[in-house]
Amino acid sequence: MEQEKAGSRRIFLSVAYDGTNYHGWQLQPGAVTIESELNRALTELLGEEIRVIGASRTDTGVHALCNAAVFDTVSRIPAEKFVYALNQRLPEDIRIQDSKEVALDFHPRHTPSRKTYEYRIYNARFPMPTKRLYSFFTYAKLDAEAMARAGALLEGEHDFKSFCSVNTQAETTVRTIYRVEVRRESDDIIIRITGSGFLYNMVRIIAGTLLEVGQGKRRPEDITSILAACDRGAAGPTAPACGLTLTAYEFL
């Protein structure tokens, strides 16, 4: 945040959204984003120029149940009332789930956290229209057990350079993954990944690589050599954004 105003408070928001119609979280010139909509609604509500700071800069088309953001204000509106006031001003596909006051030095990206993403695959003979915005469809038969064995090899602290976009600006590509689960529920395959933080496109590249394992194009044990390569070209494709949802965000 910029220099604090006298008497300012920091308000925390838990934000859920359907990312289909947005160019991701982060502000972009000439584009409608989750951040731009929050800034607009807060500025209208408070009569102050508000710019939120988000915890996770989700990509275009990615969804969230609980992304986190903070903003500073001199308003005396009770913190717990912001959830109601903002939901009256935001589009239907963005909804605040909680609002509360936090310490002025609390920063959602600099505070240790545990994030969980889910990538959903609809694996059936034909697409299901009601799932098209929230899962990736493939008719190719997938071996979920092989995908689970591959995913387990990603757990722990590793250099994930092979699993991030070449455009990443991260200072380091080392990250810690606590758990990778892959399970089948009827025609749905859910990849669930919990970690301390994620690189640009990391979860979608992991999903794309596990899809290739599920199709028999790679062996589960190939994950070890992909990690060791530290080369984006060694991993699989970036899976489409529609299947990805941020499902849990825990500050430690």
Side-chain angles (χ1 to χ4, degrees), residues 13-40 51-70 90-97 108-110 113-122 131-138 151 154 160-177 180 189-212 232-233 235-250:
L13 303 174
S14 176
V15 190
Y17 48 88
D18 177 336
T20 304
N21 295 321
Y22 298 93
H23 291 268
W25 173 277
Q26 195 170 3
L27 286 176
Q28 298 180 47
V32 180
T33 68
I34 304 299
E35 192 172 6
S36 70
E37 284 296 298
L38 291 172
N39 290 347
R40 175 195 57 76
R51 295 192 65 156
V52 302
I53 288 180
S56 184
R57 296 171 176 175
T58 54
D59 298 338
T60 298
V62 173
H63 317 294
L65 304 183
C66 54
N67 206 345
V70 296
L90 288 166
E92 288 183 329
D93 49 8
I94 304 175
R95 281 292 177 265
I96 309 303
Q97 302 297 301
R109 291 202 298 275
H110 299 161
S113 64
R114 188 187 303 259
K115 306 175 190 177
T116 299
Y117 281 92
E118 286 189 0
Y119 194 90
R120 303 186 74 92
I121 302 160
Y122 185 58
K131 293 178 181 283
R132 76 191 191 284
L133 300 180
Y134 311 106
S135 60
F136 167 66
F137 167 75
T138 180
L154 293 165
F160 284 94
K161 189 172 182 178
S162 295
F163 292 94
C164 76
S165 167
V166 294
N167 298 319
T168 186
Q169 298 178 353
E171 293 180 5
T172 175
T173 49
V174 174
R175 294 291 185 273
T176 300
I177 297 298
V180 180
I189 293 177
I190 298 99
I191 301 169
R192 193 169 192 264
I193 304 177
T194 301
S196 60
F198 296 92
L199 299 160
Y200 185 46
N201 282 347
M202 179 172 160
V203 179
R204 291 167 58 193
I205 295 169
I206 289 174
T209 305
L210 295 184
L211 271 162
E212 291 193 334
R232 173 66 187 92
T238 304
C242 60
L244 185 60
T245 301
L246 174 63
T247 59
Y249 209 122
E250 178 187 4

Locate the shortest heavy-atom distance separating Tyr249 from Pro108; write the atom from each residue and the value.
OH-O, 3.9 Å

Would you confirm whether Thr245, through its side chain, and Thr247, through its main-chain N or O, come within 3.5 Å as a donor-acceptor pair?
no

One should read off an interatomic distance between Leu211 CG and Ile121 CD1, to the nearest 0.5 angstrom, of 4.0 Å

Atom pair OH/CG of Tyr134 and Asp18 - distance to nearest 0.5 Å:
3.5 Å

Residues in salt bridge (Lys or Arg N to Asp or Glu O under 4.0 Å) with Glu35, at least two apart?
none

Any donor-acceptor pair under 3.5 Å linking the side chain of Gln28 with the backbone of Thr33?
no

For Arg175 and Ala170, the nearest pair of non-hydrogen atoms, with its separation, is NH2-CB, 4.0 Å

Evaluate His63 against Tyr17 for ring-ring contact (aromatic ring centres under 6.0 Å, His included), listing each step before the verdict.
CA-CA 6 Å; His63 317 294; Tyr17 48 88; 8.1 Å; no

Is there a donor-acceptor contact under 3.5 Å from the side chain of Arg132 to the main chain of Phe136?
no

Is there a donor-acceptor contact under 3.5 Å linking the side chains of Tyr117 and Ser56?
yes

Rounding to 0.5 Å, atoms OG1 (Thr60) and CG (Asn21) come to a distance of 11.5 Å

Using the salt bridge (Lys or Arg N to Asp or Glu O under 4.0 Å) rule, collect all pairs that involve residues 194-208, keeping only residues at least two apart or in two chains.
Asp59-Arg204

Dump the intermediate steps for side chain to side chain contact (heavy atoms under 4.5 Å, CB included) on Arg95 and Val15, then the final yes or no.
CA-CA 6 Å; Arg95 281 292 177 265; Val15 190; over 6 Å; no

Can a donor-acceptor pair be found, under 3.5 Å and without considering hydrogens, that links the side chain of Thr209 to the backbone of Ala235?
no

Is there a donor-acceptor contact under 3.5 Å from the side chain of Asn39 to the main chain of Val52?
yes

Please assess Ile177 against Thr194 for the test side chain to side chain contact (heavy atoms under 4.5 Å, CB included), listing each intermediate value before the final yes or no.
CA-CA 6 Å; Ile177 297 298; Thr194 301; over 6 Å; no

Taking the side chain as every heavy atom from C-beta outward, state whether Pro240 and Tyr119 have any atom pair closer than 4.5 Å.
yes

Taking Gly54's backbone N and O only, do any of them form a donor-acceptor pair with Arg109's side chain (distance below 3.5 Å, no angle check)?
yes

Contacts of Arg57 meeting salt bridge (Lys or Arg N to Asp or Glu O under 4.0 Å) (sequence neighbours excluded), chain-then-number -> none

Within-4.5 Å side-chain heavy-atom neighbours: Glu37 and Val32
yes

Would you say Arg232 and Thr238 are linked by a side-chain donor-acceptor pair, where the criterion is simply a distance under 3.5 Å?
yes

What one should report as the nearest heavy-atom pair of Ser162 and Ile205 is O-CG2, 4.1 Å

Can you tell if the side chain of Val203 reaches within under 4.5 Å of the side chain of Leu244, non-hydrogen atoms only?
yes

Side chain proximity check, Leu90 to Leu38, heavy atoms < 4.5 angstrom:
yes

Please examine the side chains of Phe163 and Leu199, heavy atoms only from C-beta on, and report whether any two atoms are closer than 4.5 Å.
no

Between the side chain of Ser135 and the main-chain N/O of Lys131, is any donor-acceptor distance below 3.5 Å?
yes

Less than 4.5 Å apart, any side-chain heavy atom of Ser36 and any of Trp25?
no

Do the side chains of Ile193 and Ile191 get nearer than 4.5 Å, heavy atoms only?
yes

Taking everything shown except Lys115 itself, do over 12 heavy atoms lie less than 6.0 Å from its NZ?
yes

Where do Cys164 and Thr173 land on the side chain to side chain contact (heavy atoms under 4.5 Å, CB included) test, with the steps shown first?
CA-CA 8 Å; Cys164 76; Thr173 49; 4.0 Å; yes

Quick one: are Gln26 and Thr58 in side-chain contact, heavy atoms under 4.5 Å?
no

